[in-house]
Asker: 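Take this structure, written in structure tokens, and hold onto it; I'll ask about it next.
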Amino acid sequence: MENNIKPVNFIKNIIREDLKINKNEGRIHTRFPPEPNGYLHIGHAKAICLNFGIAEEFGGLCNLRFDDTNPVKEEQEYIDSIIKDIKWLGFDWGDRLYFASDYFDTLYEYAVKLIMKGKAYVCDLSADEIRETRGTLTEPGIDSPYRNRSAEENLELLERMRQGEFPNGARTLRAKIDMAHGNLNMRDPVMYRILKASHHRTGDKWCIYPTYDFTHGQSDSIEGITHSLCSLEFEDHRPLYNWFLEELEIHHPQQIEFARLNLNYTILSKRKLLELVKGGYVSGWDDPRMPSLSGMRRRGYTAESIRTFCDKIGVAKRDSVVDIALLEHCLREDLNKRAPRFMAVLNPLKVVITNYPEGHWEELEAVNNPEDPSAGNRKVPFARELYIEREDFMEEPPKKFYRLAPGREVRLRYAYFIKCEEAVKDENGEIIELRCTYDPATKGGDAPDGRKVKATLHWVSAEHAVPAEVRLYDRLFLKEDPSEAPEGEDWKANINTESLKVLNNCRLEPNLAGKPVGFICQFERIGYFCADKDSSSEKPVFNRTVSLKDEWARIQGREELRVKS
RNA sequence: UGGGGCGUAGCCAAGGGGCAAGGCACGGGGUUUUGGUCCCCGCAUCCGGAGGUUCGAAUCCUUCCGCCCCAGCCA
């Protein structure tokens, strides 16, 4: 951790107070409880950092528990990916990997206990009938006709439900609370439903499954959790969880709700992300444009940058939308310190140094990372024919453009000053080559006579360079709030169809050959890039993780605005 | 018209009777062999509105307004 100044938030304040009064004998025990029905995304990272972070900070423990109460949606693939992603973020749950399904037997006993206390009953109403009798937001519901069955009858019926005697949906076990309660969750909620589906862990042992409401709180209780942190939408469920815990007379964790993360230009709904994957709008859960942790990892995000981001956004109860610029800031801040620098030309423009001896080449010394002296130096080949970035030359430069132009001198990084003598064009008037001269006295990039140039360009030797593919990513959605759809369309209308640009004619300095998948570096003056798994030995593929901040682009943008107005 | 929450700068977010932290974004300047980094400076006389209590309020009280969540046998 780079800065040890941990931000404060209302949850930590509560915990400090609890510690002060020695609540739970001073124990702090949290948990991260994902449902294995999708891949983790940056929003989950907030909850993970919060739960594991609090345990770390207060000398407590944090469990990983899969809330797997719905066999029809859950899969082993998701479990594997979730475990991988949390480990990648750098958190550890020791041997405390649990599953709500581990508690199915206990939960069943709890249900029996509630029946015996007269606090639960088997209801024969169909799903539709339950909905119809639940009432509305403003009107009370009406009691189920099965509400007053005897404990014996309920016990027998529940057992027969468990034995698989009734078809799916035929009966449910319901808590007997209050059909007139202002909180809909308290209107005799369903505790068990008949679901003849095989579970990824318990197989065909069960054909009734507890609902999340009848599972979550008790699972926390069983694990001895002291602080159950969850998102705002469960605030309404807290009274119900409390009711179960009190009726069951078991350990009572304290639930605290906080606002989940929202990011502009981003969708963080598992359902919609699944739709992007299934609909082929992206290449998969790990498409570098996805906000999934696997996608971000492939894109080149570091775990450290994500953790810093989670620290910086804070934790509160108000709904908010964080600016994606903050995430990118955290990324750049981390990458600036650690990414070794290389030169790569994305849109090559040939440069011939006319006064440089033909057939000759030399090696020049380059610094690997100006932010980190320990990163050392490397050699880069320089020759008569080079490539520079097409946009680093302008035939008729505007006043604020101080890169290469006819008659103008610039520095080639770590190499020489060169002066543009001529721009060679093809029959269409397109510039295909620059004829330049160099000043041998400026080797390394310094002019002995103190002469200054306004720009330093990156370059690559034409004959030594490695051809590569580079993928440039842009935001996946055009609107700040992607869910705000145009009339008659849905959120997918906001997908940015230009979010991926593939450049096939890029040239990398030779040092970039053969880098392993996941290798992260900076292409000087352009941005941070990461070797993709699609790389082959013949042709490396790099993903642009994030661009460098670009003052020139900003100036141009401003000029455009001025012209328009 | 029921229940539960929330309203501090463009975006996050501390602060919970003593007179507005911090970060991002944005603007200006300096350094610079990355128009990167780094460094300086600026950026809420005001805390959803209106009343009230108080020597003193963003913080307490009253009231109004706005926004979010809840009617799955999803989580």
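Reminder, nothing fancy here: chain letters follow the sequence lines and each chain counts from 1.
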Asker: Without decimals, in angstroms, what is the distance between A:H181 NE2 and B:A71 P?
Answerer: 15 Å

Asker: Can we say A:D178 and A:R187 salt-bridge, meaning some charged N sits less than 4.0 Å from an Asp/Glu carboxylate O?
Answerer: no

Asker: When you compare B:G66 with B:G72, how far apart are their P atoms, in angstrom units rounded to a whole number?
Answerer: 27 Å

Asker: Heavy-atom nearest nucleotide on RNA chain B for A:L137 versus A:R413: which residue maps closer to 5'?
Answerer: A:L137

Asker: Going by heavy atoms in the side chains, are A:W491 and A:I267 under 4.5 Å from each other?
Answerer: yes

Asker: Rounded to the nearest angstrom, tell me the gap between atom CG in A:N183 and atom C1' in B:G2.
Answerer: 10 Å

Asker: Expressed as a whole number of Å, how far does the C1' atom of B:C69 sit from that of B:A50?
Answerer: 28 Å

Asker: Under a 4.0 Å N-O cut-off, is there an ion pair linking A:E509 with A:R341?
Answerer: no

Asker: Salt bridge check: are A:R271 and A:E275 linked by an N-O gap of less than 4.0 Å?
Answerer: yes

Asker: Contact class for A:Y402 (heavy atom, under 4.0 Å): base, sugar-phosphate, or nothing?
Answerer: base

Asker: How far does the P atom of B:G52 sit from the matching atom of B:A71, given to the nearest Å?
Answerer: 43 Å

Asker: Begin with the C-alpha distance, continue with both residues' side-chain angles, and end with the deciding distance and a verdict on ring-ring contact (aromatic ring centres under 6.0 Å, His included) for A:Y192 and A:Y209.
Answerer: CA-CA 6 Å; A:Y192 268 94; A:Y209 291 94; 8.7 Å; no

Asker: Side chain of A:E551: nearest nucleotide among B:G36, B:A25, B:C26?
Answerer: B:G36

Asker: In whole angstrom, what separates A:L240's CG from B:A71's C1'?
Answerer: 15 Å

Asker: Can you tabulate the close N/O pairs, meaning under 3.5 Å, that link protein atoms to atoms of nucleotides 72-75 of chain B?
Answerer:
unit_1 : atom_1 : unit_2 : atom_2 : d
B:G72  : OP2    : A:R134 : NH2    : 3.2
B:C73  : OP1    : A:R134 : NH2    : 3.4
B:C73  : OP2    : A:R134 : NH1    : 3.2
B:C73  : N3     : A:G169 : O      : 3.3
B:C73  : N4     : A:L125 : O      : 2.9
B:C73  : N4     : A:A127 : N      : 2.9
B:C73  : N4     : A:G169 : O      : 3.0
B:C74  : OP2    : A:R193 : NE     : 3.3
B:C74  : OP2    : A:R193 : NH2    : 2.9
B:C74  : O3'    : A:R193 : NH2    : 3.4
B:C74  : O2'    : A:N70  : ND2    : 3.1
B:A75  : OP1    : A:T69  : OG1    : 2.6
B:A75  : OP1    : A:R193 : NH1    : 3.4
B:A75  : OP1    : A:R193 : NH2    : 3.0
B:A75  : OP2    : A:Y212 : N      : 2.9
B:A75  : N6     : A:H237 : NE2    : 3.3

Asker: Decide salt bridge (Lys or Arg N to Asp or Glu O under 4.0 Å) for A:E257 and A:R238; before the verdict, give the C-alpha distance in whole Å, the side-chain angles of both, and the deciding distance to 0.1 Å.
Answerer: CA-CA 9 Å; A:E257 307 85 7; A:R238 178 157 32 97; 2.6 Å; yes

Asker: Working to the nearest 0.5 Å, report the span between CG of A:L346 and CG of A:L472.
Answerer: 6.0 Å

Asker: Using a strict threshold of under 4.0 Å (side-chain N to carboxylate O), is an ion pair present between A:E362 and A:K443?
Answerer: yes

Asker: In plain terms, say whether A:E304 and A:R307 are close enough for a salt bridge, that is, a side-chain N and a carboxylate O under 4.0 Å apart.
Answerer: no

Asker: Verify the contact: side-chain N or O of A:H458 to OP1 or OP2 of B:U34, cut-off strictly under 4.0 Å; return yes or no.
Answerer: no

Asker: Among B:A71, B:U1, B:G36, which nucleotide has an atom closest to any side-chain atom of A:K549?
Answerer: B:G36

Asker: Show me, range against range, the stems involving RNA chain B, built from at least 3 consecutive Watson-Crick or G-U pairs below 3.5 Å.
Answerer: B:2-7 with B:65-70, B:10-12 with B:22-24, B:26-30 with B:38-42, B:48-52 with B:60-64

Asker: In this structure, how many angstroms lie between the P atom of B:A25 and the CZ atom of A:R558, rounded?
Answerer: 14 Å

Asker: Is a salt bridge present between A:R201 and A:D102, judged by a nitrogen-to-oxygen distance below 4.0 Å?
Answerer: yes

Asker: Checking only heavy atoms, does the side chain of A:R332 share a donor-acceptor pair with the base of B:U37 at less than 3.5 Å?
Answerer: no

Asker: Taking atom C1' in both B:C70 and B:A14, compute the distance separating them and give it to the nearest angstrom.
Answerer: 31 Å

Asker: Summarise how protein sits on nucleotides 8-14 of chain B as a single string, 5' to 3': B when a protein heavy atom is under 4.0 Å from the base, S for sugar-phosphate-only contact, - for no contact.
Answerer: B--SSBS

Asker: Could you measure between the two C1' atoms, the one in B:A13 and the one in B:C47, and give it in whole Å?
Answerer: 13 Å

Asker: Hey, does A:E77 have a side-chain heavy atom less than 4.5 Å from the side chain of A:Y39?
Answerer: yes

Asker: On a whole-Å scale, what distance lies between the C1' atoms belonging to B:C61 and B:C74?
Answerer: 43 Å

Asker: May I have the distance from A:E132 (atom CD) to B:A71 (atom P), rounded to whole angstrom?
Answerer: 16 Å

Asker: Roughly how far apart, to the nearest Å, are B:U54 and B:U59 at atom P?
Answerer: 16 Å

Asker: Determine whether a donor-acceptor pair (one donor, one acceptor, N or O, separation below 3.5 Å) exists between the side chain of A:D236 and the base of B:G3.
Answerer: yes

Asker: Mind checking the P distance from B:C64 to B:G3? Whole angstroms is fine.
Answerer: 14 Å

Asker: Does a side-chain N-to-carboxylate-O contact under 4.0 Å join A:E363 and A:K379?
Answerer: no

Asker: When you match A:E139 and A:Y528 each to their closest nucleotide on RNA chain B, which lands nearer the 5' end?
Answerer: A:E139

